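Notes for the one structure printed next.
Just so it is clear: chains get the letters A, B, ... in the order the sequence lines come, proteins before strands, and each one is counted from 1. Quick caveat, the model's predicted, so the values are computed rather than measured.
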Amino acid sequence: MEWYDKKTYIEVYPPKEFSFYECIAFLSRSSQEVLHQIKDGSIYKLLKIEDSLVLCRIRYEENAIKVDFPDRQPEKEGCSLVAKFIWEWFDLEADLKEFYQLASNDGILKGIAKSYSGLRIMCIPDLFEALVWAVLGQQINLTFAYTLKKRFVERFGESLMFAGETYWVFPTYEKIASLQVDDLRELQFTVRKAEYIIGIAEEMVSGNLSKEKLLQKRDFNEVKKSLVSIRGIGDWTANYVMMKCLHDTSSLPIADVGLHNALKNILGLERKPSIEEIKEYAANWSGWEAYATFYLWRSLYDEAI
DNA sequence: ATCCAGGAACTGT
DNA sequence: ACAGTTCATGGA
């Protein structure tokens with residue numbers, strides 16, 4: 001059903017190890033998600049490109065990810081930024097052949113690597129969004145984390161209405177840096193979370209913290225050091241962000257409760273594994289710890305459904 | 001009601 | 001460096 005004039009569209013060619021279906025399954029994990037919508041096998045996502053809001057419809061046809069623009073189409077440079085976003089969002093740079101090779105010889109990963117074949121880490125290309133989402137998720141259940149995110153986005157983000165639907169983009173760090181703790185308390189953020197998030201926004205406004213600067217570091221150890229030096233960012237958050245935003249396939253949020261639960265399920269353990277035990281399992285995942293973690297997280301949703 | 005959640009800072013040793 | 005404590009609140 002074409003309910004708008006399809007003008008031009010963008011095509012992005014993913015590597016062979018790619019399943020749009022698996023990626024959509026991951027993106028569908030919460031009904032409270034406000035930063036994209038899934039409808040009829042297409043993803044609708046609003047992006048801010050060169051200061052204007054661009055609604056994208058993303059689908060998969062004939063081995064290509066195709067993006068078109070229901071509302072209005074960006075200029076040429078805008079289109080290449082959209083393509084760049086898609087490339088990052090689906091983590092298309094990673095060469096999963098290596099991961100699958102490794103997984104085929106690993107008792108824990110063997111089954112899930114096959115079950116979710118083609119699933120890629122669904123990234124959060126925007127550093128501020130990745131950091132805020134990680135802080136929101138700290139020590140609360142995911143359902144409530146989504147509630148907080150929804151309130152945050154709908155209070156401070158920008159939106160576009162199209163065909164009766166409202167689409168949102170994540171708030172900018174400039175906007176959040178101008179807030180007081182009480183502005184976030186109203187949304188039921190704890191004082192701690194509010195302080196962390198405003199502090200992170202201020203660091204980004206000052207220019208001390210940026211994705212570009214982080215990616216210029218010598219190695220991911222350096223990246224981690226500078227992330228952890230920021231208040232509110234501990235080991236877990238730093239690893240989460242390196243995995244979801246900075247494309248570090250070897251980051252391992254080893255303290256993650258979801259990871260522990262997934263391992264417990266797959267191994268049929270009575271209790272959650274200890275950190276030491278996880279280190280032993282992970283010794284076999286070298287270079288692909290983030291993918292191992294992501295696939296293990298994915299295995300948790302099947303239980304829930 | 002009770003336990004825990006995709007932790008981190010703080011405090012004392 | 002390391003372990004224990006506090007924070008803080010909705011979900012299941």
Assign each of A:A238 and A:N261 the nucleotide of DNA chain B bearing its closest heavy atom; nearer the 5' end lies the nucleotide of A:N261
Return whichever of A:M243 or A:I230 has its heavy-atom-nearest nucleotide of DNA chain B closer to the 5' end. A:M243
From the set [options], return the single nucleotide nearest to any side-chain atom of [X].
X	options	result
A:T237	C:dG11, B:dC10, B:dG7	B:dG7
A:R185	C:dT9, C:dC7, B:dA8	C:dT9
A:V257	B:dA5, C:dC7, C:dG11	B:dA5
A:T143	B:dG7, C:dG11, B:dA9	C:dG11
A:F144	B:dA5, C:dG10, B:dA8	C:dG10

Tell me the interatomic distance from [X], atom [atom1], to [N], atom [atom2], rounded to whole angstroms.
X	N	atom1	atom2	result
A:K272	B:dA5	NZ	C1'	8 Å
A:R192	C:dT5	CZ	P	17 Å
A:Q139	B:dC10	CD	P	16 Å
A:F189	C:dT9	CZ	P	13 Å
A:W297	B:dA5	CH2	P	15 Å
A:L136	B:dA5	CG	P	18 Å
A:I197	B:dG7	CD1	C1'	13 Å
A:R151	C:dT9	CZ	P	12 Å

P atoms of C:dA8 and B:dT11, separation to the nearest Å: 14 Å
Restricting to side chain to side chain contact (heavy atoms under 4.5 Å, CB included), what partner residues turn up for A:E154, sequence neighbours left out? A:V34, A:K150, A:W168
If you pin A:N141 and A:T190 to their nearest nucleotides in DNA chain C, which one's is more 5'? A:T190
So is A:R29 actually on top of A:F26's ring, under 6.0 Å and inside 45° of the axis? yes
Name the atoms and distances for all side-chain donor-acceptor pairs under 3.5 Å in residues 115-128 of chain A, with sequence neighbours left out.
from, atom 1, to, atom 2, distance (Å)
A:S115, OG, A:G111, O, 2.9
A:Y116, OH, A:D302, OD2, 2.5
A:R120, NE, A:F90, O, 3.4
A:R120, NE, A:D91, O, 3.1
A:R120, NH1, A:E17, O, 2.4
A:R120, NH2, A:D91, O, 3.2
A:R120, NH2, A:A94, O, 2.3
A:D126, OD2, A:E129, N, 2.9

Do the side-chain N and O atoms of A:T249 and A:E289 include a donor-acceptor pair separated by under 3.5 angstrom? no
If we count only N and O atoms by modelled type, under 3.5 Å, do the side chains of A:S206 and A:N208 hold a donor and an acceptor together? yes
Base, sugar-phosphate, or nothing: which does A:L259 touch, judged by heavy atoms less than 4.0 Å apart? nothing
Under 4.0 Å between any heavy atoms, over every strand shown, what does A:Q138 touch: base, sugar-phosphate, or nothing? Just pick one. sugar-phosphate
